[in-house]
Amino acid sequence: MPEYEVVIGLEIHCQLATATKMFTRCGYSAGAEPNTQIDPYTLGLPGTLPVPNWQAVEFALRLAVALHCEIQPISRWARKHYFYPDLPKGYQITQSDHPYALRGSIEIAAPEGTKHVRLQRIHMEEDAGKTTHVLGDDVSLVDYNRAGVPLVEIVSEPDIRSAAEAAATLRELRTIVRHLDISEATMETGTLRCDANVSLRPRGSQTLGTRCEIKNLNSFKFLEAAITAEVRRQTDLLEQGQRIVQSTMSYDPGKDITRVMRSKEEAADYRYFPEPDMPPLRIGPTWIAAAQAALVELPWDRRRRYVALGLSAYDAGVLTADLALALFFDRVLAIAGASTAKQVCNWLTADLLGRLNAEARTIAESPIGPEAIAEIVELVERDVISRRSAKDVLDKAYREGISPSAIVEREGLGQVSDDSAIEAMVREIVAANPGQLEQLLSGKAKVRGFFVGQIMKRSQGQASPAVVNVVLDRVVESLRPGRDDS
Ligand code: ADP
Ligand code: MG
């Protein structure tokens, strides 16, 4: 039984977040009432002509420069014909044989280390409208708002070797376009879409096997599941001695299988021909240089920078995967200093994200900002509060939306700054009152007040009750029989 190698190439569509459509000044924003963002051009009315959206070209250029593509000085538009209600013009303007960008790559983390997934090309095109088929109803609905919205299609080389790598490639691209601020790139809303071409070949073979293309994968979960199901299907066929027929597939998440939609023989003939109403697109060296100069820091550079600050590759990846989180992190560092990177990362990923996730909030919806985290880190660094009470302070700051230092002040936490001074007092008093300790350990919460009172008295009111309570818990826990904690 031969062992097969999985070979995958992705075709990724990404909607560009420009204010207007690709070839008309008609405005577009997601979520509007159906058919409110249309104009004569969008509807393909006779006599309308395309005018390029230079902002879209600039966004597309930004992406190609970031991915180290070779920008083509001249690219050409073509008409891709098909007949379907979502396409009022009857054809889509795209760049078929002459895309604006060739080659380039996306860097991902692979089992064997960093891997470059090479790209074949990126081209620009316009989106189609949206049809809705209501099951059991005899009408289909069509919304032309999305028709004509600018897209880039990124086509990879068949360099991807597993479902996980495919997801990693798509995730990385999503992070990149978000860093570049050119697309929302969410799969749920369709501003990022992906088709996966999958083939198998005997391990060690250099020739490509026959591929099948899985269409319309609209979540990362489905992308991985669909590839896995398709690999299973192809493996079964090959092991039964059958041949793979080049086909377009769809994925059924309910049954977790892929199905043939059409074979290559049934494939549509799009009758491509040059777009007569659009001159070739010229992108000159000055424009490319400007795009290069304006390039922001890219995810892989950001990860390297974070690792150089002492973060693990894993933490650097977590922070970078969410641009808002990375910017938050950078803002904390700008206040607290780069040397605090590791602590800041811990506070963010372990504490703040934990709280946010529990409430299904994003970092942008955090009730406390970068200043608050910087303050927490500084308060701990300066030994004003211990890390333990800092967690408590962060919790209060989060819940009440006020600054950590205000809480430290309000609760007198900074008065006796040294936990160990309080701890010494606590241990002394606990040791002097074994009977009460016994009661506390057996669950009589009432004697707590006795201990807190004693400790407060001993500290002459200088200790903060919050700290005393925390330290008391810690000491009592450490004295619980059966625990060897000193
Ligand atoms: P088309 O334009 O007909 O869809 P392309 O040759 O442009 O076909 O390839 C589209 C995608 O399919 C690319 O991402 C490419 O990497 C991928 N691909 C091509 N051949 C294979 C193969 N044998 N196995 C897996 N992916 C492939
Ligand atoms: Mg294709």
Side-chain angles (χ1 to χ4, degrees), residues 2-14 63-64 67 69 72 75-76 78-82 92-106 108 110 115-125 151-173 192-217 223-224 226-235 237-238 243-251 258 260-273:
E3 223 205 309
Y4 296 109
E5 180 178 46
V6 178
V7 175
I8 302 163
L10 296 181
E11 292 167 275
I12 303 166
H13 281 97
C14 185
L63 177 63
L67 297 178
C69 298
Q72 304 304 294
S75 56
R76 294 174 199 281
R79 290 185 177 184
K80 175 179 176 178
H81 295 83
Y82 66 90
Q92 174 193 34
I93 303 183
T94 180
Q95 298 187 309
S96 60
D97 294 338
H98 305 276
Y100 81 100
L102 292 175
R103 287 170 282 278
S105 66
I106 298 178
I108 60 161
K115 167 168 180 169
H116 290 265
V117 173
R118 291 168 304 150
L119 304 180
Q120 284 178 357
R121 56 189 278 160
I122 311 179
H123 64 258
M124 286 176 254
E125 58 187 30
L151 295 177
V152 278
E153 178 173 345
I154 300 112
V155 183
S156 88
E157 291 285 357
D159 280 354
I160 298 162
R161 292 291 171 268
S162 69
E165 270 186 29
T169 306
L170 188 59
R171 277 213 176 81
E172 189 62 24
L173 185 82
L192 182 68
R193 286 168 252 160
C194 184
D195 304 333
N197 294 271
V198 180
S199 68
L200 298 183
R201 64 182 171 193
R203 201 166 283 283
S205 158
Q206 291 305 309
T207 48
L208 290 169
T210 305
R211 74 186 151 114
C212 290
E213 179 177 7
I214 320 167
K215 284 280 190 196
N216 301 327
L217 297 165
L223 171 68
E224 284 199 58
I227 292 173
T228 306
E230 177 60 15
V231 168
R232 211 184 302 132
R233 186 188 72 92
Q234 292 187 18
T235 308
L237 286 174
L238 293 175
R243 285 180 37 201
I244 307 295
V245 180
Q246 187 173 338
S247 310
T248 303
M249 314 295 297
S250 66
Y251 175 63
T258 50
V260 176
M261 286 164 73
R262 55 180 181 268
S263 71
K264 199 189 175 189
E265 288 67 41
E266 302 159 285
D269 172 8
Y270 293 120
R271 294 177 291 122
Y272 281 100
F273 74 68

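For this chain, numbers begin at 1 and follow the sequence in order. Counting convention: from 1, in listed order, for ligands and their atoms alike. All figures in this text were calculated on a predicted structure; none of them were measured in a lab.
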S.K.: Is the closest heavy-atom distance from Gln120 to ligand 1 below 4.0 Å?
M.R.: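 Within the 4.0 Å threshold, so yes.
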S.K.: Strictly by modelled atom types, are Thr207 and Ser205 linked by a side-chain donor-acceptor pair under 3.5 Å?
M.R.: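 On atom types as modelled, these side chains qualify, holding a pair under 3.5 Å.
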S.K.: Hey, looking at atom 17 (C) of ligand 1, which of Val7, Ile160, Asn197 has the closest heavy atom?
M.R.: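 When every heavy atom of Val7, Ile160, Asn197 is considered, Asn197 comes closest to atom 17 (C) of ligand 1.
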S.K.: So among Arg233, Arg262, Met261, which one has a side-chain contact (heavy atoms from CB on, under 4.5 Å) with Met249?
M.R.: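 Exactly one pass, corresponding to Arg233.
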S.K.: Just going by heavy-atom distances, which of Cys212, Gly209, Ala196, Ser156 is nearest to atom 13 (C) of ligand 1?
M.R.: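 The nearest heavy atom belongs to Ser156.
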S.K.: Return the option from Arg211, Arg118, Gln246 holding the heavy atom at the smallest distance from atom 3 (O) of ligand 1.
M.R.: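 Of the listed residues, Arg211 has the closest heavy atom.
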S.K.: Inspect the surroundings of CZ in Arg243 and state if more than 12 heavy atoms from other residues, nucleotides or ligands are less than 6.0 Å away.
M.R.: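 Atom CZ in Arg243 is not crowded, with 12 or fewer foreign heavy atoms closer than 6.0 Å.
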S.K.: The test is side-chain contact (heavy atoms from CB on, under 4.5 Å); show your working for Thr94 and Tyr272 and say whether it passes.
M.R.: CA-CA 9 Å; Thr94 180; Tyr272 281 100; 3.9 Å; yes
S.K.: With heavy-atom distances below 4.0 Å as the criterion, list the atoms of ligand 1 near Glu157.
M.R.: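 Those of ligand 1 that fall under 4.0 Å from Glu157 are 16 (O).
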S.K.: Between Leu10 and ligand 1, which residue portion shows a heavy-atom distance shorter than 4.0 Å: side chain, backbone, both, or neither?
M.R.: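 For Leu10, the contact with ligand 1 is made by the backbone alone.
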S.K.: Which of the atoms in ligand 1, numbered in the order shown and given with their element, are less than 4.0 Å from a heavy-atom of Pro158?
M.R.: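 So the answer, numbered in order with elements, is 16 (O), 26 (N), 27 (C).
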S.K.: Closest heavy-atom contact between Leu10 and Ala196?
M.R.: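 Nearest pair, atom of Leu10 first, then Ala196: CD2-CB, 3.8 Å.
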S.K.: Look at the rings of Tyr82 and Tyr270 and say which category their plane angle falls in: under 30° parallel, 30 to 60° tilted, over 60° perpendicular.
M.R.: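 Because their plane-to-plane angle is over 60°, the rings of Tyr82 and Tyr270 count as perpendicular.
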S.K.: Which ligand 1 atoms, with their elements, are less than 4.0 angstrom from a heavy-atom of Val155?
M.R.: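 Contacts of ligand 1 toward Val155, numbered from 1: 13 (C), 14 (O).
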